[in-house]
Number of protein chains: 2
Amino acid sequence: MGNDSPGDRLAHEERVKYALQAMPSEDDISTLAARFKAISEPSRLKILFALSCGELCVEHIVQAVGGNQSAVSHQLKILKDNRIVKARRNGKQVMYSLADGHVMAMISVAKEHLNCND
Amino acid sequence: MGNDSPGDRLAHEERVKYALQAMPSEDDISTLAARFKAISEPSRLKILFALSCGELCVEHIVQAVGGNQSAVSHQLKILKDNRIVKARRNGKQVMYSLADGHVMAMISVAKEHLNCND
DNA sequence: CTATCTTATGAATTGTTATTCATATGATAA
DNA sequence: TTATCATATGAATAACAATTCATAAGATAG
């Protein structure tokens with residue numbers, strides 16, 4: 001034993017205490033994790049980039065990201081359930097768009113992270 | 001037929017064209033998706049919140065987020081492989097910390113999204 | 001009404017990912 | 001050296017998610 005000085009050990013315990021205080025509730029963690037999961041599939045991420053240019057109907061999303069209608073529809077449902085995108089009906093078509101600015105903000109930060117090799 | 005006016009149809013085709021131009025490369029999409037996936041598990045998200053208070057060794061991460069040593073170690077590997085966290089050895093311990101500010105920035109944006117019911 | 005266009009959904013299959021257990025590796029102290 | 005502490009990893013299982021197919025539902029035109 002004696003791997004830590006007493007001072008170090010105390011500092012570590014303090015850190016754990018702070019970490020526990022900063023921890024969001026289980027509910028918030030679940031919700032956040034679900035949202036990140038929603039945007040963590042390549043096809044769904046493509047859908048978001050497509051929608052970053054403005055609203056699109058399902059058929060055009062299919063054209064923009066590839067894949068088939070059923071798959072895209074399932075993916076849109078996941079994005080909608082997690083409030084990443086929103087939908088409005090326009091006659092026979094359903095127009096999809098990004099739910100709010102936070103979504104693109106998050107993706108922008110991620111893209112920056114991608115570009116700088118830190 | 002005749003579901004769209006000719007003007008509308010043109011506008012939609014333009015939108016698809018723009019969407020395709022704005023689309024990142026397959027490689028960038030994959031990398032981004034992998035990073036989002038890395039932070040989309042509740043336990044891994046908890047690890048990031050714990051590390052947002054400063055670096056921690058593995059044992060203390062285990063205390064802060066719950067779970068067992070092996071599971072946490074596997075999760076840390078995923079986070080490290082995706083450059084979400086970084087590690088430095090300190091004697092027998094390995095200290096983990098967030099890779100850079102982008103990570104917390106992304107999580108902060110997500111938390112805002114959580115708080116405002118838009 | 002029927003026919004058609006567009007989107008959504010249930011069920012089955014397939015593919016991925018997390019968790020656990022046992023053990024290996026790396027570092028330090030005696 | 002051996003003993004111990006701290007972390008990492010491989011392999012198996014178990015849990016979960018994505019994709020496909022077939023079909024249903026919603027909207028409009030005729």
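By convention in this document, chain letters (A, B, ...) are assigned in the order of the sequence lines, proteins followed by strands, and residues within each chain are numbered from 1. Predicted model, so just to flag it, every value in this text is computed and none were measured.
- We find that CG of B/Leu76 is positioned 13 Å from C1' of D/dA6, with the value rounded to whole Å.
- Closest to the side chain of B/Glu59, from the set D/dT19, D/dT7, C/dG26, is D/dT7.
- Which of C/dT7, D/dA18, D/dT7 sits closest to the side chain of A/Arg44 comes down to D/dA18.
- Neither OP1 nor OP2 of D/dA17 sits under 4.0 Å from any side-chain N or O of A/Gln75.
- Proximity of residues 62-71 of chain B to DNA chain D (heavy atom under 4.0 angstrom from any strand atom) is restricted to B/Gln69, B/Ser70.
- Among the nucleotides C/dA18, D/dT7, C/dT6, the one closest to the side chain of B/Cys57 is D/dT7.
- When atom types are taken as modelled, the side chain of B/Ser40 and the backbone of B/Lys37 share a donor-acceptor pair closer than 3.5 angstrom.
- Under the salt bridge (charged side-chain N to carboxylate O under 4.0 Å, His left out) criterion, no residue pair touches residues 60-76 of chain A, with sequence neighbours excluded.
- With hydrogens and angles ignored, a donor-acceptor pair under 3.5 angstrom links the side chain of A/His74 to the base of D/dT20.
- Map B/Val58 and A/Arg89 each onto its nearest nucleotide of DNA chain D; the residue landing nearer the 5' end is B/Val58.
- Using a 4.0 Å heavy-atom distance criterion, B/Ile78 is classed as a sugar-phosphate-only contact.
- In this structure, the side chains of A/Arg88 and A/Val94 stay at 4.5 Å or more apart for every pair of heavy atoms.
- Distance A/Leu79 CG to C/dT7 P: 16 Å, rounded to the nearest Å.
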B/Phe49 and B/Val65: CA distance, side-chain angles, deciding distance, side-chain contact (heavy atoms from CB on, under 4.5 Å) verdict:
CA-CA 9 Å; B/Phe49 277 106; B/Val65 311; over 6 Å; no
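- For A/Gln93, whose side chain is taken as the heavy atoms from C-beta onward, the closest listed nucleotide among C/dT6, C/dG26, C/dA11 is C/dT6.
- Between the CD atom of B/Glu41 and the P atom of D/dA15 there is a distance of 15 Å, rounded to whole Å.
- To the nearest angstrom, P of C/dA8 lies 15 Å from NZ of A/Lys92.
- With contacts defined as side-chain heavy-atom distances shorter than 4.5 Å, the pair B/Arg15/A/His60 does not qualify.
- Rounding to whole angstrom units, NZ of residue B/Lys80 and P of D/dA8 are separated by 7 Å.
- B/Asn68 places a side-chain N or O within 3.5 Å of a backbone atom of B/Ala71 that can act as its donor or acceptor partner.
- Judged as a side-chain contact (heavy atoms from CB on, under 4.5 Å), and not counting sequence neighbours, the contacts of B/Ile78 are B/Ala38, B/Arg44, B/Asn82.
- Remark: P of C/dT17 and CG of B/Asp81 are 13 Å apart, rounded to the nearest angstrom.
- A/Lys77 has its NZ atom 15 Å from the C1' atom of D/dA17, to the nearest Å.
- For C/dA8, the OP1/OP2 oxygens have a side-chain nitrogen or oxygen of A/Tyr96 closer than 4.0 Å.
- Protein atom NE2 of B/His60 is 15 Å distant from nucleotide atom P of D/dC5, rounded to whole Å.
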